Colleague: 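Take this structure, written in structure tokens, and hold onto it; I'll ask about it next.
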Amino acid sequence: MGRNRIKQKNTIQTRRLWKLFAVCSLLTVFGLVLVFLQIRIHRLAEVQADLTTQLDEVEQKNKALQLQIERHKSPEMLRRKIVHFGLGMVEMSDPDIVVIETDMPRYSVMARRPE
């Protein structure tokens, strides 16, 4: 009986248990972070899709407004507005028109010649 049976330990080794617990905890934390980041990525992708849709709508509105601007700048539309509002404007080729210079630079007045 060289060895005493009482000194032998048949208990669970606590160091291995703590290592196992630490590894499981670490893997759980990494898994939770991974899930959180995946959810965040999906939400940002949805926001990007919404913003892309809004950008497309704004670009379409911009094109429509550009067409309206071009249409309203056309000489025919300007003539209609002049007639509609009764501004009494005349063509520049009319010989009765005299350009009157003013004291203010960049401004001049057009008027009919007195008869």
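No experiment lies behind these values; they were computed from the predicted model shown.
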Colleague: Report the C-alpha separation of R16 and L20 in whole Å, then their side-chain angles, then the decisive distance to 0.1 Å, and conclude whether the side chain to side chain contact (heavy atoms under 4.5 Å, CB included) test is met.
Modeller: CA-CA 6 Å; R16 282 190 178 175; L20 180 64; over 6 Å; no
Colleague: Tracing side-chain links under 4.5 Å among I, L, V, M, F, W and Y, which residues wind up in one group with V47?
Modeller: L51
Colleague: Answer with yes or no whether the hydrophobic clustering places F36 together with V33; edges join I, L, V, M, F, W, Y residues whose side-chain heavy atoms lie under 4.5 Å apart.
Modeller: yes
Colleague: Please name the residue in the list D56, D50, L55 that meets the side-chain contact (heavy atoms from CB on, under 4.5 Å) test with T52.
Modeller: D56
Colleague: How long is the straight-line distance from CD of E70 back to CG of L65, given to the nearest 0.5 Å?
Modeller: 12.0 Å
Colleague: Salt-bridged, R43 to E46, with N to O below 4.0 Å?
Modeller: no
Colleague: Which Ile, Leu, Val, Met, Phe, Trp or Tyr residues join L27 in one cluster when any pair of side-chain heavy atoms under 4.5 Å counts as a link?
Modeller: V23
Colleague: Salt bridge or not between K61 and E57? Use side-chain N to carboxylate O under 4.0 Å.
Modeller: no
Colleague: Would E59 and K63 satisfy salt bridge (charged side-chain N to carboxylate O under 4.0 Å, His left out), going step by step from the backbone distance to the final call?
Modeller: CA-CA 6 Å; E59 285 176 349; K63 286 179 184 178; over 6 Å; no
Colleague: With a cut-off of 6.0 Å (strictly less than), are more than 12 heavy atoms of other residues, nucleotides or ligands near CD of Q38?
Modeller: yes
Colleague: Roughly how far, to the nearest 0.5 Å, is the OG atom of S74 from the CZ atom of R79?
Modeller: 8.5 Å
Colleague: How long is the straight-line distance from CD1 of I41 back to CD of Q48, given to the nearest 0.5 Å?
Modeller: 12.0 Å
Colleague: How long is the span from the CG atom in L67 to the CG atom in N62, to the nearest 0.5 Å?
Modeller: 10.0 Å
